[in-house]
Structure formats: structure tokens, C-alpha cells
4 protein chains.
Amino acid sequence: MMNTDALPPENTPKGETEEIKTHRPWQRKKEIRPQEILAAALDVFVEQGFSATKVAEVARRAGVQPGTIYVYFENKEALFKAVIHAAMSPVLSYSNEFLDNYTGTPEKLLYELTHQWWNLMESESCAGIPKLITAEANNFPELTQFYIDQVLVHAKRIVERVLQYGIDRNQFFIEDMDVTARIIMMSLHEMTVYAHSFSNFDKMKIDMPVYLDTLAAFLYKGLSSQKGRSPEV
Amino acid sequence: MMNTDALPPENTPKGETEEIKTHRPWQRKKEIRPQEILAAALDVFVEQGFSATKVAEVARRAGVQPGTIYVYFENKEALFKAVIHAAMSPVLSYSNEFLDNYTGTPEKLLYELTHQWWNLMESESCAGIPKLITAEANNFPELTQFYIDQVLVHAKRIVERVLQYGIDRNQFFIEDMDVTARIIMMSLHEMTVYAHSFSNFDKMKIDMPVYLDTLAAFLYKGLSSQKGRSPEV
Amino acid sequence: MMNTDALPPENTPKGETEEIKTHRPWQRKKEIRPQEILAAALDVFVEQGFSATKVAEVARRAGVQPGTIYVYFENKEALFKAVIHAAMSPVLSYSNEFLDNYTGTPEKLLYELTHQWWNLMESESCAGIPKLITAEANNFPELTQFYIDQVLVHAKRIVERVLQYGIDRNQFFIEDMDVTARIIMMSLHEMTVYAHSFSNFDKMKIDMPVYLDTLAAFLYKGLSSQKGRSPEV
Amino acid sequence: MMNTDALPPENTPKGETEEIKTHRPWQRKKEIRPQEILAAALDVFVEQGFSATKVAEVARRAGVQPGTIYVYFENKEALFKAVIHAAMSPVLSYSNEFLDNYTGTPEKLLYELTHQWWNLMESESCAGIPKLITAEANNFPELTQFYIDQVLVHAKRIVERVLQYGIDRNQFFIEDMDVTARIIMMSLHEMTVYAHSFSNFDKMKIDMPVYLDTLAAFLYKGLSSQKGRSPEV
DNA sequence: CATGAATGAGCTTTCATTCAT
DNA sequence: TATGAATGAAAGCTCATTCAT
């Protein structure tokens, strides 16, 4: 059977593991400190949004003084952008390698698609990014453009490859590839947005494994049905 | 044929229309003023989020002075909550009447569902609410709870009725009603969130009629397929 | 005899005297408040310089809260520039009218020049400006350029007219008009700079009437001497 | 002819030159480092004033790290005072020796006075001090007092000796020695203040040799004229 | 009811200073 | 001695809110 987590294996983020063991501990901190700040900032930004986030709160969670933030980031906005970029990098580096080598059924591929997307998003720092970008899209157009180009378009292309895989094997029957890919990509995206906005609320709590299975099954049925071809027959 | 706009017919919102024809213009203003403030505030809140919104900016767009806002609303947060409630009322008053009387095919009902949701959301003031709630969910838990109870649960129930309609007519084959309804409700919800976050960006612009048609068709195929029933047969 | 204060008679600054007596006191304040802030700011800026001046201190002396400053001025720098411009206006409006109508001796004219300069500078808000500009010249080049164009060049031209008056009457003998005018203008300027930097210190305290008389007399002797013409005779 | 630069011959400043030739380069640095900091600090203080000067900027120009400044100076204010004192030392050590031995004409002595003052001020590190003290006089009273006592009073005494030299030779005719000396001292002082505040601006650029010659000639005429003695004769 | 100048608490940001190395 | 990352007090500035009119 397939490894559900196989897709993003190269995601060893930032590679500080091979950092130079210099004699001065504060020099090692210099490299780690920004990472701690970014991690804390990501949490607070996702929780509260850009404007509601206080730099002092980020500092508190990062275990530093407010002034320290400004040693590494020019201002709050620069911190925000750095947070987004840093958190997105796992997604950016997500390769198509898995698809290149995939030889299973289209149905299983849909399972892979949904589960891997979820695992990628939730297991990495990027978990809260979709919600954050959604919330701040109008306030940070360039950042949103970057997100669209790098994440959404990228995700849509992966979906398109998956669809093409099924079409090539005569299992998927799709009239409008572009819109269909968009629909599926958006439903994946939606999951992560929801997860960070509503999953704290009882009525919205989702049993993720079940949800993912059901979604994959539903997508499979929608894609493999030939009904769309001759509705009036 | 069906009237696509038929579903929310009782939505004559606010009903002050009858008493507008008073003799004194400043008295008329007295009642309209808060509506203008709410409308302006909704725009700004949706555009920028709660924290980034300045009361002075709301006042400017409403054509009043900042102090005037505080004649009608205790503070910014109260204004925000009033905005959400006011904007949500069209959805809250959305009744099941249409479904009670519906007699067409389940496939057509899916078209109705998607188009009416879109028309309801976009034609009314509530257009930006899903995005706004999504963004501020963590900052305003009670408001989010209210939204979940009144909008999301409500929407899910409508979806469930639609699904049941198809099941009853032996056209829809659904294993997990709850999760399936959730998936469909979320994909509807997502549309409106997307529309207000990313539709200003070229690559995300969507041809809505085509999208809605394709989505309805896709849902129909997914729901009417019997494959899910016996995958191992 | 002549009135020593005759030169700048039109210096009724800003003309708030004819302000509209509206019924609302705070509306009257709106016009006066910035003046109070400018006056307080001028004092503090002259005393301490731009960087050392705290906005809160200006507010305190103006009898307002810090935030009020920002109702009228975009930021500290804008306040500074407004202060300079406002304080300079008496000098800018200083006309040549007195010179146009002057008919006395060149010697007396030198007395007028020195005394009127001093009276103009010290009796008006502009007293501390020369010192302030001198101190901040490198930090505010545009402002300094403005000062040079409007004040120093203006002052030099007046000196030149005074010199020409004496030359025309065969009483002043000047080889290099430009440099001589510069020397005299600078000695006038220096007085006001000194007055605001060192006059608080005992050893630098000057008996101004005596100083001005002596300076005028010294200038007269220097200008009326013919020695320079034939040093090698 | 006279040597224009003759007056301050003992100005071999600092005298550490003899001990520089030590064997270990880092030991040499140890002694030079503070000088480099002082030199850099003087530049920045003169350019920007005390408050606007950042310690980090001084460090940058001195080619050291901010912390290094505090190895040699207790704080910014101590650095400032050290800068002033160090920069003033050439003036402080300026002796009257030249005057003791002078035997030329009083007229030539005026030329010497103006040119030597200028050369002393501009050729040494003290060039920007007068402007700096003028700007910060109110913020550093003790320093200003020191400057007044050591520089201004000193300079005035030299001027007085020059005037006395002319009086003794029946060439200068002075009514009020004190005020006249003050006027001349101030006009010398003014030159250096001007030079550092306005000389960067086109309209204020001065041809120094011409200016100095003209000033000396003007002073001579003013001092040698007998008019002041009996204006009513 | 409507105003809008004034407020002042609280935020972002700066930067002189420290101290472990 | 020299470092330079970290500090944290203090400054500039914002803006929700008030209140005299």
C-alpha cells in the first residue's frame, strides 16, 4: 500500500541541522532567534489577524523583549510578510515528484490528493496561512498575489495533473477541466480555512479522517460519472 | 420553469419603506441614519477587518461625523456586532418555503441550491459576511457561535433537505449524510469567502454562471453515482 | 526725530482680530489652538533644538494633551516647519517702505538699521529662529534654503540699499559691495544668534542699547573712511 | 613678510605621536581607538547636533561596534563633553606668544588676526565647535560656560591686545574697548558658525580669502577712523 | 440629534546602554 | 579589549471615545 505522507518528503524545513558549532552561544542564538519570533508571530497573526496583533504579544510568546523584534524585522508589516513567506515555503517546495512516479488507480490518487494536502497543511507551519491570507487579502495585495501565484495556482496544477491521470485511464469524465480543477482546489483550500476559523466550535468540529475519506469518495464519484456527457439521453 | 430567485421571496428587508414618506426630512433621516452607518461599516469591515477599520473612516463613508456613530452604537464592537446581525438577517429569514413546495427533479434542485445561495449572498448586504466572520472568528467567539448556529447549521439543514429530496426519489445515493451535507455546504460557503478575498485578483476571477453550473453538475454526478455503495463488488 | 520702530509697521501678524464671533466657543478655539501650539513649540524648539524637543513638552506648555498636537500637525517635523514658517512671517513681510521714504543722513540710517533689526527680531516671535536654523541647518536643508532665500538674502538687500544710500551721498566708500554687505548682514544676524545661545550666561550678557550704538558707530566709521581707496599712497 | 600661520606654533596636538611606534599593533590601537571615536563623534555631532546623533552612527563612522564606545566613554553625554574638550584644546593652547613678539603695523595685525583665527579654526578639529556649542548652549550649560570662559573670553582678550597695540601706536581710536572687542570677536566667531551651517548652500558660499581681506580692511577703517571722537566738532 | 475638537490610553518604534562572551 | 545581540525605557503617533455646544 501507499504511504499517505509520501508526497512532501523533501520538506525538511530550513536545514538548521547542519549549523556551524561556533564557540559563542549568542551567535548560535542569532540564527535561531528570528525563527522563534517567526513561529510566535505566525501563531498570533493566525489567531488574531494582522491589525489586532500586538508586537508586544508576539515578543512575549517568543520569549523576547519587544525591541528584539526590531533587531530582525524592520517593522510589523515586514514581520508579517516574513511570516507569510516563511510559513509558505513548505508548500512552495512541494514537488510533483510523487505524481511523476505514481502508478496506482485514479481513485486512490484522489485519496492521496486529499490526505496529502491535509497532512502537508496541518503538519507544517503553513496551517493557518490560508485563513490569514483570506482575512488580509485586501490589506496586503502583493502578498495575496504572491500567495495566489505560488500556492493556489500551484495547487490547481496539481489537481489538474490528478484529473488528467484519471482521464488518461478513461476513469474520469470531465467537461470543463479548468472549472472542475478550480472547484476541487477550492474545496481543499476551504478545509484549511475552516479548520482555523470554526474548528474550535463544537458544532463545526470535524472528524478529519472521515471527512477526507468521504470527500475523496465524493470527488471520485463526481469525476468518474459519465452522466454529464449526455444529460438528455 | 422555475424562478431562480424564488427562494427568498419574503426577504423584504427592514420594512421601513412604508413609513419613509413622512413630512419632515430630518425626521426621515433619524431613522435612516443608522442604516447608512451600518451599510458603510459593513463595507469597511469586510474590506479591512475589524481592527484595521477606523471609526472615522466608517463615518466618512456614511457621510456623518465620528461622534454621530456613538449616538447609535455604544462602541466599535457594538457597531461590529450590529453590522453582522443586520447583514445576516436576510439569510436568517431565508425560509424553507421554497423546498416545501418544490416538485421538480433533484438535479434541477441542485441547480436551484447553488444559484439561489449565490444570488442570496451576493444580491444582499450579507455578501461579505462569510469572509468577515472567517477572519474574525477567534476574536469574536459569541458572534461566530451565532453565525454557526444561524447560518451554517441553517444552510446545512437546507442542503440535507435537498439531499433527502433526491434520496427519496431514488436519485441520490449517499452513505454519510452528515459529512456529505457538510462538504456541500462548505463548498457553497467557500464561494462567497473566495469572492471577497481573491476575486479582485486576475488569476482568481471566476465566470460565476459557468462556475455555478459546473458545480451543480459536479454535485449531481457525485450524488447520483451508485459507485460508493459497493466499491468492492 | 525718527521713530526707531518705524520700519515694520505692517507687522500685525495673522489678523485674527477680525475673526468671526460665532456662538460656539470651541469653534473659536479651533482657530486659536494652533497658534498656541506654535507659540509653545517655538519656545521649546529654540530652547532645546528639534531632536531634543518632546512633543509632550510642547503640549504641556501649550496647555493641551499630546494628541491635540496631531489634530493640527501631521507629525513633529511638520510642526517644526510650521513653527519656522509662522515665526518667520514677520521678517518676510518686512518691507522696504521705510527706506523708500528715508531722507536723513547715512549715519543715522545705520543706527536705524541696527536698532530696527534688533527690534524686529526681538519684539517678534522670530527672535529664536536664527539660532534654531543655524543649529538645524544640516538636518532641514529645504527649510534652510527657504530661510536663506527669504531672510538672509532679503536682509542683505536691505543692507545693500543702506550702503547705496550712503554711497550716493558721497559718505560711504566701499570697494566690494557684495562682501561688505555680507559682513554687515552677518554681524546683525550674529547678534540674534548670540542672544539666544549665550545671553543667559553672565559673561556674555550685553547691554544691548550700548552694543547697538557702538556697532552702528563702528559700521559708520568703517564705511565712511576713505583709507581703503589708496592704501599704497 | 609675516608668516600667516605663525600664531599657534605650539599646537602640536595630542603629542602621542612619539609613542606610536610600539611593537604590537593591537597595543597601538588601544591608544588610537578613542581618538578615532572622538573624531567620528565630532563629525556627527557637528552635522546633526547632540540629540539627533546616534551612538551607532558614531560607531559606524569610527569603524567600531556600538559597545566599544562604552569602553571609553561612560555614556553619550560624556562622549559629547569629551568631544568638545578634545576639539577645543587647540584653541585653548593658543598662546599670546605671537602677540608678544609682534612688531609690525596695527593694520597688518588685523590681517593676522582674521586670517589666523580662520586658519586655526578651520585647520583644526575645532572647526565645527562654535556652531555645535551655539546649538546646544541651553542643553549643556556647564559646557557652554566652559566654552565661554576658555574660548570666547580668551578670544576677546586677544582682540583687546590687538586693539591696544593699535591704540598704543596712535592708529586705533576706540571709545568703548569692551564693546568694540566684543563686536570684533563676535564677527570672527560668526564666520565659523556660518561656515558650518550655511556654507553648503550656494547663495551663502563665501570666497574666504576675499572675505577675510575685506573684513580686515573694514575693521581697520573702523578702528583707525577718528570720526567717533568728536562727531559734533 | 449631530457635531468635531479634544482627549489620553495604548500602540509601534527607536536607540542608548548592557553584558555574556 | 572588543563585541553585537538583546534590552527596555521612552518617544512619536494613532484613534476610539467623549462632551460641550
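No hydrogens, no waters, no symmetry mates; every other heavy atom, side chains included, goes into these values. So that the names make sense, note that chain A is the first sequence line, chain B the second, and so on, each numbered from 1.
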Contact check, side chains of D/Cys126 and D/Met88, non-hydrogen atoms, under 4.5 Å: no
Looking at E/dA5, I'd like to know if its phosphate oxygens (OP1 or OP2) sit under 4.0 Å from a side-chain N or O belonging to C/Arg33. no
Return the value, rounded to whole Å, for the distance between atom OH of C/Tyr72 and atom C1' of E/dT7. 12 Å
Nearest-nucleotide wise, let me know which of B/Gln65 and C/Val64 is further upstream toward the 5' end of DNA chain E. B/Gln65
Do B/Phe80 and B/Leu132 touch side chain to side chain, with heavy atoms closer than 4.5 Å? yes
Taking a pair to mean Watson-Crick or G-U wobble geometry with both distances below 3.5 Å, F/dA20 pairs with E/dT3
Just how far, in rounded Å, is C1' of E/dC11 from CD1 of A/Ile69? 14 Å
Any side-chain heavy-atom pair from B/Arg60 and B/Lys54 closer than 4.5 angstrom? no
Spacing between A/Leu79 atom CG and E/dC11 atom P, to the nearest angstrom: 16 Å
Parallel, tilted or perpendicular: rings of D/Phe45 and D/Phe50 (30°, 60°): parallel
Could you run down nucleotides 11-17 of chain F 5' to 3' and tag each one B, S or - for protein heavy-atom contact under 4.0 Å? SSBBSSB
Considering every strand shown, what is the Watson-Crick or G-U wobble mate of F/dC13 when both distances are under 3.5 Å? E/dG10
Is the shortest side-chain heavy-atom distance between A/Arg61 and A/Asp43 below 4.5 Å? yes
Taking the side chain as every heavy atom from C-beta outward, state whether D/Ile84 and D/Lys81 have any atom pair closer than 4.5 Å. no
